[in-house]
J.: 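I am attaching a structure below and will ask some questions about it afterwards.
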Amino acid sequence: MKKHFNFIPLSETFYEQPTLDLAKQLIGQILVKVTDEGMSSGIIVETEAYLGEEDQAAHSFQKRRTKRTEVMYNSPGHVYVYQMHTHHLVNVVSGEKENPQAVLIRAVEPLSGIDLMIKRRPVEKMTNLTSGPGKLTKALGITMEDYGRTFFKPPLFIAKGIKINNVLEGKRIGIDNSGEARHYPYRFWINDNPYVSR
DNA sequence: TGGATGATGGCCT
DNA sequence: GGCCATCATCCAA
């Protein structure tokens, strides 16, 4: 008997908070994707905040408003997906309209639809299934099709999860060419969770 | 129009 | 630790 989950999407107002707070509050919530193949989901265990025009590591640094970053200028709760090398990465748009901030979802812990996730991304070890920003999008089936949507309802949404107390913070990963910004403590993760990317 | 550039991941030594 | 696949995007010219 499969465990049944009744996911309740977080409301629009949840996203109306400062980006660093949002990045922290997203830890423990549930990322859900529905496709023709079925539903799959995971608990968010690692995020990173990107603070827009003032943050050299952000794609929207210094009003870099382009086709790719356009959705970052939209209201909070929109979906920002982009391709990195051979992978897709998913962000939650934050900051009020015209303030291009975002939270990158770096890792999730598989929760439901795990068979489907493994089918999309065959792995030997479970801990390798969704322990990275490019891994989780492939496992959950998140693609450029999701660009510009919102996280308020299916097919892609974030549902109310569990309260996490032991959230740690530290430097972001993979942004060594971003000057001083590479030292900012804008990364959040659950202490000792095996699905955190590193 | 073309060269440089990645918010990565997998494989190698 | 290092190498590189592979491609959308960006920007100089």
Side-chain angles (χ1 to χ4, degrees), chain A residues 15 19-20 22-24 26-27 31 33 42 44-74 76-95 99-110 117-149 151 156 158 167-190 193-198:
Chain A
Y15 300 90
T19 301
L20 289 173
L22 179 63
K24 200 166 182 176
L26 279 168
I27 301 288
L31 181 62
K33 176 70 195 266
I44 299 172
V45 300
E46 180 182 356
T47 62
E48 281 180 359
Y50 287 85
L51 300 193
E53 298 177 352
E54 310 300 314
D55 179 0
Q56 189 171 165
H59 291 156
S60 50
F61 177 58
Q62 287 182 347
K63 305 187 191 302
R64 242 180 170 70
R65 188 169 191 154
T66 63
K67 184 185 172 193
R68 179 175 69 157
T69 60
E70 183 60 33
V71 73
M72 293 180 76
Y73 291 79
N74 212 324
H78 276 79
V79 180
Y80 173 34
V81 182
Y82 75 98
Q83 187 171 342
M84 170 62 177
H85 291 276
T86 53
H87 309 281
H88 294 282
L89 280 63
V90 64
N91 294 249
V92 180
V93 172
S94 179
N99 185 358
Q101 308 195 337
V103 176
L104 169 67
I105 299 175
R106 282 196 58 89
V108 305
E109 176 176 328
M117 292 165 76
I118 292 174
K119 178 183 166 195
R120 293 194 185 107
R121 183 179 148 71
V123 289
E124 305 228 341
K125 288 188 297 187
M126 271 297 289
T127 49
N128 191 31
L129 185 57
T130 55
S131 54
K135 297 176 186 176
L136 84 271
T137 53
K138 182 159 189 189
L140 291 174
I142 295 171
T143 68
M144 286 304 293
E145 295 278 300
D146 295 304
Y147 182 98
R149 286 179 171 152
F151 283 105
L156 177 60
I158 295 172
V167 176
L168 300 186
E169 63 179 61
K171 294 179 183 179
R172 291 174 292 183
I173 291 172
I175 55 161
D176 290 345
N177 294 328
S178 300
E180 281 304 302
R182 73 180 186 274
H183 302 302
Y184 300 165
Y186 292 171
R187 172 173 173 247
F188 303 91
W189 69 94
I190 299 178
N193 184 286
Y195 292 91
V196 170
S197 66
R198 63 179 75 170

J.: Could you check how far NE2 of H59(A) sits from C1' of dT5(B), rounded to whole Å?
T.: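 The answer, rounded to whole Å, is 11 Å.
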J.: Does a side-chain N-to-carboxylate-O contact under 4.0 Å join R187(A) and E169(A)?
T.: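 Answer for the salt bridge query: no.
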J.: Does the ring of H85(A) meet both stacking tests against the six-membered base ring of dG9(B): centre distance under 5.5 Å and plane angle under 30°?
T.: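 Not stacked by the 5.5 Å and 30° rule.
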J.: Tell me whether Y82(A) is stacked on the nucleobase of dA8(C), counting only the six-membered base ring and applying the 5.5 Å and 30° thresholds.
T.: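 No, the aromatic ring of Y82(A) does not stack with the base.
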J.: If I take atom CG in residue N177(A) and atom C1' in nucleotide dA4(B), what distance separates them, rounded to the nearest angstrom?
T.: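 In whole Å, dA4(B) C1' and N177(A) CG are 12 Å from each other.
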J.: Out of dT9(C), dA7(B), dG10(B), which has the shortest distance to the side chain of M84(A)?
T.: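 Nearest listed nucleotide: dA7(B).
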J.: Closer to the 5' end of DNA chain B via nearest nucleotide, is it V123(A) or V90(A)?
T.: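 Final value for this comparison: V90(A).
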J.: May I ask you to evaluate whether N91(A) reaches the phosphate of dA7(B), defined as a side-chain N or O under 4.0 Å from OP1 or OP2?
T.: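 Answer is no, no contact under 4.0 Å.
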J.: Tell me whether the side-chain N/O atoms of R198(A) come closer than 4.0 Å to OP1 or OP2 in dA7(B).
T.: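 No, no such contact exists.
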J.: Let me have DNA chain C in dot-bracket notation, would you? Count Watson-Crick plus G-U wobble pairs, both distances under 3.5 Å, and use [ ] for pairs crossing earlier ones and | for inter-strand partners.
T.: |||||.||||||.
J.: What is the distance, rounded to the nearest whole Å, between atom CG of L129(A) and atom C1' of dG9(B)?
T.: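 So the CG-C1' distance, L129(A) to dG9(B), works out to 14 Å.
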J.: Round to the nearest Å and state the distance from M144(A) atom CE to dC7(C) atom P.
T.: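 Between P of dC7(C) and CE of M144(A): 15 Å.
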J.: In whole Å, what is the span from the CZ atom of R68(A) to the P atom of dG6(B)?
T.: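 Computing the R68(A):CZ to dG6(B):P distance gives 10 Å.
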J.: May I ask you to say what Q83(A) touches in the nucleic acid, namely base, sugar-phosphate or nothing, with a heavy-atom cut-off under 4.0 Å?
T.: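 Counting heavy atoms under 4.0 Å across all strands, the contact made by Q83(A) is with sugar-phosphate only.
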J.: Starting from P on dT9(C), measure out to CE on M72(A) and report it in whole angstrom.
T.: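 Atom CE in M72(A) sits about 15 Å away from atom P in dT9(C).
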J.: In this structure, how many angstroms lie between the P atom of dA7(B) and the NE2 atom of H88(A), rounded?
T.: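 Going from NE2 in H88(A) over to P in dA7(B) covers 15 Å.
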J.: Take atom NE2 of H87(A) and atom C1' of dC4(C), then tell me their distance rounded to the nearest Å.
T.: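 It is 11 Å, rounded to the nearest whole Å.
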J.: Could you tell me whether the phosphate oxygens of dT9(C), OP1 or OP2, come under 4.0 Å of any side-chain nitrogen or oxygen in R64(A)?
T.: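 Looking at the OP1 and OP2 atoms of dT9(C), neither is under 4.0 Å from any side-chain N or O of R64(A).
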